[in-house]
Structures are given as structure tokens and as C-alpha cells.
Engineer: 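One structure, as C-alpha cells, below. Some questions next.
Keep in mind the model is a prediction, meaning the values are calculated, not measured.
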Amino acid sequence: MGFRLIHTSDWHLGHTLRDMSREEEQGAFLDWLLACVGSEQADALVVTGDLFDTSNPSAQSQRQLYGFLAELRRRHPQLSVVLIGGNHDSGARLDAPEPLLSAQQIHMIGCLPWRADRTLDLDRLLIPLRDRRGEVAAWIAAVPFLRDVDLPQVDTGADDPVIGRTRVLYGQILDALQARRSPGQALILTGHAYVRGGAGLRLSPDSERRIQRGYAFSLPAAIFPPEFDYVALGHMHCPQEAGRPELVYSGAPYPLGMDEDYAHRVVV
């Protein structure tokens with residue numbers, strides 16, 4: 001029996017296009033996704049950021065997201081569900097309902113979870129994904145959009161300190177995952193960033209906000225350890241690979257700008 005994961009990103013709930021509400025379209029997509037989880041016999045749903053279009057989403061946008069999650073859990077009580085924050089989201093706002101969502105086994109990580117002693121809360125960050133038999137088939141590191149404050153405060157000696165510190169963070173996460181996994185279990189990583197390294201990586205400048213942190217607004221593909229079987233990426237609205245077959249942007253599920261004249265999708 002295989003393990004089936006649905007990867008989607010960049011919903012931008014609350015988005016308007018030329019002052020027109022997208023609520024009806026977005027609701028139709030969420031209804032379709034509910035059905036898709038069933039028809040594809042998915043074991044996990046992973047959403048890689050920009051759940052909302054702004055850091056202060058409307059009450060209706062929040063109702064749309066949480067209504068979807070409630071119906072998803074009602075229809076698919078065994079489904080593993082992981083969502084991360086993107087650069088458009090307020091990480092603190094996404095983390096606020098964590099006690100309620102975790103009781104439903106829904107994992108939403110808005111900010112990188114640190115303990116008071118400045119160690120990673122690995123129990124929140126590293127999540128086992130179970131197949132239809134209830135067995136752990138994979139582990140996912142639910143890494144959200146990273147801000148400077150999230151990165152280890154270490155001197156890496158790298159030309160770009162942000163990239164060097166990000167590399168250290170991914171190394172720490174990989175070590176922790178490998179300590180927890182059993183043979184045959186896949187390793188999955190999430191991220192919300194612009195990853196350079198792909199040939200002809202396609203941007204959507206009308207609707208994608210350029211990520212700027214420190215001296216860099218992008219990460220090299222080589223920063224992701226090759227031990228990960230799949231890296232589920234968000235931020236780029238055009239579906240594409242980022243330099244390696246396992247580095248995948250699912251892309252937005254519907255156009256968010258007038259320049260997005262390409263096919264949109266979710267990834268199974």
C-alpha cells in the first residue's frame with residue numbers, strides 16, 4: 001500500500017482581483033479539494049503557506065479556512081493535515097488556535113516553534129504522517145516562512161549569513177528527523193521561499209511579493225539536504241521544480257494576477 005500526499009499552497013484567502021472578491025472561486029476550490037482528498041484516497045494534506053492574502057485577514061476569510069478544516073476532519077478523520085505560514089500570513093495569528101486545532105490532530109505552524117530556552121520545539125515541528133493502516137509512513141518537518149529571528153544566532157563564516165544560518169537550521173532539523181525515523185519512512189520538508197537554481201524559474205510579478213530578509217531574498221537549491229525525499233514549497237504561483245525533481249512548488253490553485261496565464265494545480 002502506497003502513501004499518498006496532496007500538496008497545495010498559496011490560497012490567498014481574501015484576495016481580490018481588480019477590486020472583485022474571489023470568495024466564490026475560493027469556496028469552489030475548497031469544496032473541490034474536500035472531494036479530491038477522498039477521490040485520491042489521500043493519507044495527508046500539506047499546505048505550504050500564504051493561506052491568507054494579508055496578515056490581518058477578514059472574519060469571512062478566517063471563517064472560510066476554519067470551516068474547511070472542520071469539514072475536512074469530519075469527512076476524513078484519519079487524514080494527516082499540516083499547514084504552514086507564508087510571508088503574507090501573520091505567523092502569530094496562525095499559531096493562536098493551536099490548542100484547538102491540535103486537539104483535532106491538525107498541525108498549523110505559523111512561526112518556527114522555539115522554547116523559552118531557545119531550543120526548537122521538535123514535538124511541534126516534526127510530525128509523523130500515517131497511512132490508511134495507521135502506521136507511520138513518513139515524517140514531515142513543518143518549517144514555515146523563516147524570518148531573521150527564527151534563524152540560529154551562530155557565526156557560520158558564510159558570505160551570506162542568512163543562507164549560512166538557514167543551512168545550519170536545516171541540518172539540525174535533518175539530524176532530529178533521522179533520530180526519530182524508522183527504516184522505510186520517508187522524510188519530507190516544507191518551506192515558503194524563493195528558491196533559485198531552477199532553469200527558467202517562472203515568476204508572477206503582478207501577484208508575488210518579493211521576499212527580502214537580510215542580504216538575500218532567495219535560497220540556493222543546494223541548501224536543502226539531499227536526504228529529504230520531498231520538499232514541499234510555497235510562494236511561487238507557477239507550478240514548477242526548483243532545480244531538483246524533489247523540490248516542488250505546487251503553485252497557486254487559481255490565478256492571482258492577470259499575468260498568470262499558465263495552468264494551475266495541486267500535486268498528488
Side-chain angles (χ1 to χ4, degrees), residues 5-17 20-38 40 42-113 124-125 127 129 140 142-145 190-192 207-209 232-237 249-257 264-268:
L5 179 148
I6 293 179
H7 168 207
T8 177
S9 72
D10 293 87
W11 294 354
H12 289 266
L13 299 178
H15 178 264
T16 60
L17 187 60
M20 296 294 291
S21 170
R22 313 295 301 282
E23 183 180 332
E24 184 176 356
E25 296 167 78
Q26 291 167 338
F29 163 70
L30 294 176
D31 289 343
W32 174 86
L33 186 59
L34 284 168
C36 181
V37 168
E40 293 290 343
D43 299 291
L45 173 67
V46 175
V47 189
T48 51
D50 284 354
L51 307 177
F52 297 114
D53 194 52
T54 71
S55 60
N56 187 27
S58 68
Q60 175 55 30
S61 297
Q62 294 180 74
R63 189 178 300 112
Q64 197 169 41
L65 174 64
Y66 295 116
F68 165 78
L69 293 177
E71 182 63 14
L72 183 70
R73 180 52 76 225
R74 187 189 72 80
R75 293 193 196 183
H76 307 288
Q78 304 305 316
L79 184 75
S80 295
V81 183
V82 178
L83 309 94
I84 64 167
N87 61 302
H88 279 250
D89 298 310
S90 163
R93 187 182 296 275
L94 294 185
D95 284 337
E98 187 271 334
L100 183 62
L101 293 180
S102 63
Q104 298 296 318
Q105 294 298 304
I106 295 173
H107 306 273
M108 186 154 66
I109 311 298
C111 302
L112 198 67
R124 278 204 70 205
L125 186 67
I127 301 163
L129 303 179
I140 188 168
V143 179
F145 171 64
T190 69
H192 190 95
S207 59
E208 288 171 353
R209 188 181 295 169
L233 295 170
H235 178 58
M236 305 286 280
H237 296 166
Y249 284 104
S250 67
Y254 32 70
L256 294 161
H264 291 68
R265 69 173 186 184
V266 303
V267 175
V268 179

Engineer: A side-chain contact here means heavy atoms from C-beta on lying under 4.5 Å apart; do L83 and I106 qualify?
Structural biologist: yes
Engineer: To check you understand the geometry: which heavy-atom pair defines the closest contact between H7 and T48, and what is its length?
Structural biologist: NE2-OG1, 3.1 Å
Engineer: May I ask you to decide if L79's main-chain N or O and R73's side chain share a donor-acceptor pair within less than 3.5 Å?
Structural biologist: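 The answer is yes, because a donor-acceptor pair under 3.5 Å joins these two groups.
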Engineer: Would you check if the side chain of R93 reaches a backbone N or O of S55 as a donor-acceptor pair within less than 3.5 Å?
Structural biologist: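 Yes: the side chain of R93 pairs with the backbone of S55.
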Engineer: Under the 3.5 angstrom rule, does the side chain of Q64 hit a backbone N or O of E23 as a donor-acceptor pair?
Structural biologist: yes
Engineer: To the nearest 0.5 Å, how far apart are CE in M108 and CG in D95?
Structural biologist: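 Output value for this atom pair is 8.0 Å.
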Engineer: Considering the options H15, H264, H12, which one meets the ring pair (Phe, Tyr, Trp, His ring centres under 6.0 Å) requirement together with H237?
Structural biologist: H12
Engineer: Contact between I140 and T190 at the side-chain level, heavy atoms closer than 4.5 Å - yes or no?
Structural biologist: yes
Engineer: What residue pairs, at least two apart or across chains, pass salt bridge (charged side-chain N to carboxylate O under 4.0 Å, His left out) with a residue in residues 29-38?
Structural biologist: none
Engineer: Are the side chains of Y254 and L17 in touch, meaning some heavy atoms are under 4.5 Å apart?
Structural biologist: no
Engineer: If we only count heavy atoms from C-beta on, is the W32 to P253 side-chain gap below 4.5 Å?
Structural biologist: no
Engineer: Measure the shortest side-chain to side-chain distance between Y249 and D10 over non-hydrogen atoms and say whether it is less than 4.5 angstrom.
Structural biologist: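 Not touching, per the 4.5 Å side-chain cut-off.
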Engineer: Could you pull out the closest heavy-atom pair between A44 and L129, with the gap in Å?
Structural biologist: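 Where A44 meets L129 most closely, the heavy atoms are CB-CD1, 4.4 Å.
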Engineer: For D50, is there any backbone N or O sitting under 3.5 Å from a side-chain donor or acceptor partner on D89?
Structural biologist: yes
Engineer: Considering non-hydrogen atoms only, spot the tightest contact between S9 and L233 and give its length.
Structural biologist: OG-O, 4.1 Å
Engineer: Which atom names give the shortest non-hydrogen contact between A92 and C111, and what distance separates them?
Structural biologist: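 Shortest heavy-atom separation between A92 and C111 comes out as N-SG, 3.6 Å.
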Engineer: Can you name the nearest heavy-atom pair linking I84 to V143, along with the distance?
Structural biologist: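 In this case the closest contact between I84 and V143 is CD1-O, 3.3 Å.
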Engineer: Please assess W11 against F68 for the test ring pair (Phe, Tyr, Trp, His ring centres under 6.0 Å), listing each intermediate value before the final yes or no.
Structural biologist: CA-CA 12 Å; W11 294 354; F68 165 78; 5.5 Å; yes
Engineer: Can you tell which of L34, L72, L5 makes a side-chain contact (heavy atoms from CB on, under 4.5 Å) with L45?
Structural biologist: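 So the option named by the test is L72.
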Engineer: Please enumerate all residues that pass salt bridge (Lys or Arg N to Asp or Glu O under 4.0 Å) together with R22, with sequence neighbours excluded.
Structural biologist: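 By the salt bridge (Lys or Arg N to Asp or Glu O under 4.0 Å) rule, R22 matches E25.
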Engineer: Supply the atom-to-atom distance L94 CG to Q62 CD, rounded to the nearest 0.5 angstrom.
Structural biologist: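 Reported value, rounded in 0.5 Å steps: 9.0 Å.
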Engineer: Can you find a pair of side-chain heavy atoms, one from L13 and one from L51, that are under 4.5 Å apart?
Structural biologist: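 No. Closest side-chain heavy atoms not under 4.5 Å.
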Engineer: Taking atom CD of E71 as the centre, does the number of heavy atoms from other residues, nucleotides or ligands within less than 6.0 Å exceed 12?
Structural biologist: yes
Engineer: In the structure I gave you, are the side-chain heavy atoms of L30 and L65 within less than 4.5 Å of one another anywhere?
Structural biologist: no
Engineer: Side-chain contact test, heavy atoms from C-beta onward, threshold under 4.5 Å: evaluate it for S80 versus I127 and give yes or no.
Structural biologist: no
Engineer: Report yes or no: does D53 contribute a side-chain atom to a donor-acceptor pair with the main-chain N or O of T16 at less than 3.5 Å?
Structural biologist: no
